[in-house]
Amino acid sequence: MINDIDYTKIFSEIVTEFKDNDDCGKVATYIPELGKVDPNKLGIHLTTVEKHHSSFGDWNEKFSIQSIAKVLSLTLALKIMGNDVWDRVGVEPSGTAFNSLVQLEYERGIPRNPFINAGAIVICDILVSCLDNPKLELLEFIRKSSGIREIDFCLKIAQSEKVTGFRNYALAHLMKDFCNIHNEVELVLDLYFHLCSIKMTCKELAQAFLFLASYGVNPITNETVISPGRTKRINSIMLMCGFYDEAGEFAFRAGLPGKSGVGGGIVAIHPGKYCIAVWSPKLNTNGNSYKGMRVLEAITTKTESSIF
Ligand code: GLN
């Protein structure tokens with residue numbers, strides 16, 4: 001029971017209600033390693049800023065967090081480079097698929113936001129320019145800010161994505177032509193593929209992202225990850241851009257800033273209250289977890305807790 005709400009009971013009620021509904025989603029197979037996951041996994045974990053935990057199902061199993069990690073790379077880039085980041089990438093919703101090339105040509109190599117693939121690749125380019133050992137230092141930043149030493153890349157997934165990442169190569173080369181990638185494409189994408197390969201459990205995700213619910217300080221480690229002002233900006237971009245061409249749909253359904261990944265994970269933030277992570281690997285046609293979005297909608301509706 002947290003502030004009079006029995007989250008664990010609510011999670012299991014919602015999952016029972018959904019049992020008879022078809023899950024129309026499909027596991028991502030365009031990264032072959034992701035296609036090996038059991039499609040029926042379902043995990044939920046909520047951590048409050050007062051450090052109370054509630055969980056359900058496969059909450060303690062690691063999975064590939066994919067694009068959810070783009071929030072952490074942006075956080076590190078903002079810490080290092082400050083507002084200059086915004087000369088290289090925008091803060092507007094894209095209204096296009098996460099891996100779309102179309103807009104990038106029109107907009108002369110400046111991605112709409114840091115959460116579509118093109119934007120996250122630019123953020124990786126910034127990190128490659130600023131850090132001596134970008135992969136190690138990024139991982140160290142995530143471990144330190146979350147307080148979880150066990151967080152690591154999955155080399156099999158990174159490799160699987162590298163050999164099939166034709167679109168990401170296309171995006172990077174197009175931006176290089178517009179002078180918005182400063183380093184070797186191969187180096188930048190190596191960091192990008194490793195970033196996307198990070199594995200965490202729902203519990204670890206809720207802990208690693210709790211600073212966004214707590215004005216930039218992780219209440220579990222007392223580590224100041226980023227300033228309150230930048231926390232506001234990151235949450236705002238999550239609300240507007242966290243689900244690509246379905247960002248409006250998630251805000252409409254769940255009423256919280258959130259970020260999805262093609263591994264089937266979603267993280268959502270209730271500023272001042274909690275961080276929740278849901279994992280259900282089957283994706284809708286926009287590349288977001290089909291059941292995950294619905295579970296989060298039901299949770300915020302039942303508990304009457306959203307930012308609106
Ligand atoms: N690694 C994935 C890709 O680049 C990330 C996409 C996602 O999670 N939406 O295609």
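Along the sequence shown, residues are numbered consecutively beginning with 1. Ligands are counted one by one from 1 in listed order, and the atoms in each one are counted from 1 as well. This one's a predicted model, so the numbers in the text were calculated from it and none came from an experiment.
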For K302 and E13, what are the C-alpha separation, side-chain angles and deciding distance, and is it a salt bridge (charged side-chain N to carboxylate O under 4.0 Å, His left out)? CA-CA 10 Å; K302 277 200 186 226; E13 279 170 10; 3.5 Å; yes
Are K162 and E186 close enough, and set up right, to give a salt bridge (charged side-chain N to carboxylate O under 4.0 Å, His left out), and what steps lead you there? CA-CA 10 Å; K162 185 186 161 106; E186 205 58 61; 3.1 Å; yes
Show the numbers, then the answer: is there a salt bridge (charged side-chain N to carboxylate O under 4.0 Å, His left out) between E140 and R149? CA-CA 8 Å; E140 205 37 56; R149 299 300 309 167; 2.9 Å; yes
Would you please test D23 and R294 for salt bridge (charged side-chain N to carboxylate O under 4.0 Å, His left out) and show each step? CA-CA 10 Å; D23 184 340; R294 279 163 179 73; over 6 Å; no
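Residue E184 qualifies as open at atom CD: its count of foreign heavy atoms under 6.0 Å is 12 or below.
Using the six-membered ring where Trp is involved, W279 and F63 have ring planes that are parallel, under 30° apart on the 30 and 60° scheme.
Considering backbone and side-chain atoms together, I31 places no N or O closer than 3.5 Å to any N or O of ligand 1.
Under the 4.5 Å side-chain heavy-atom criterion for ILVMFWY residues, a single connected hydrophobic cluster contains both I226 and V89. Linking ILVMFWY side-chain heavy atoms closer than 4.5 Å, directly or via other members, places I307 and V278 in a single hydrophobic cluster.
Remark: minimum distance from atom 2 (C) of ligand 1 to any protein heavy atom is reached at Q66 OE1, 3.0 Å. For atom 7 (C) of ligand 1, the nearest non-hydrogen atom of the protein is S67 OG, 2.5 Å. The single protein non-hydrogen atom nearest to atom 3 (C) of ligand 1 is E161 OE2, 3.1 Å, given as residue, atom name and distance.
Atoms of ligand 1 found under 4.0 Å from any heavy atom of N168, numbered from 1 in the order shown, are 3 (C), 4 (O), 10 (O). Annotation for ligand 1: atoms under 4.0 Å from non-hydrogen atoms of G261 are 8 (O). Each of the following atoms of ligand 1 lies closer than 4.0 Å to a heavy atom of Y244: 7 (C), 9 (N).
Looking at Y192, Y30, F98 and measuring to atom 4 (O) of ligand 1, the nearest heavy atom belongs to Y192.
Contact annotation: for I68 versus ligand 1, there are no heavy atoms closer than 4.0 Å. The side chain of C196, and not its backbone, has at least one atom closer than 4.0 Å to an atom of ligand 1 (non-hydrogen atoms only; side chain from C-beta on). With a heavy-atom cut-off of 4.0 Å, N117 touches ligand 1 through its side chain alone.
Judged by the shortest distance from any of its heavy atoms, G287 lies outside the 4.0 Å radius around the atoms of ligand 1.
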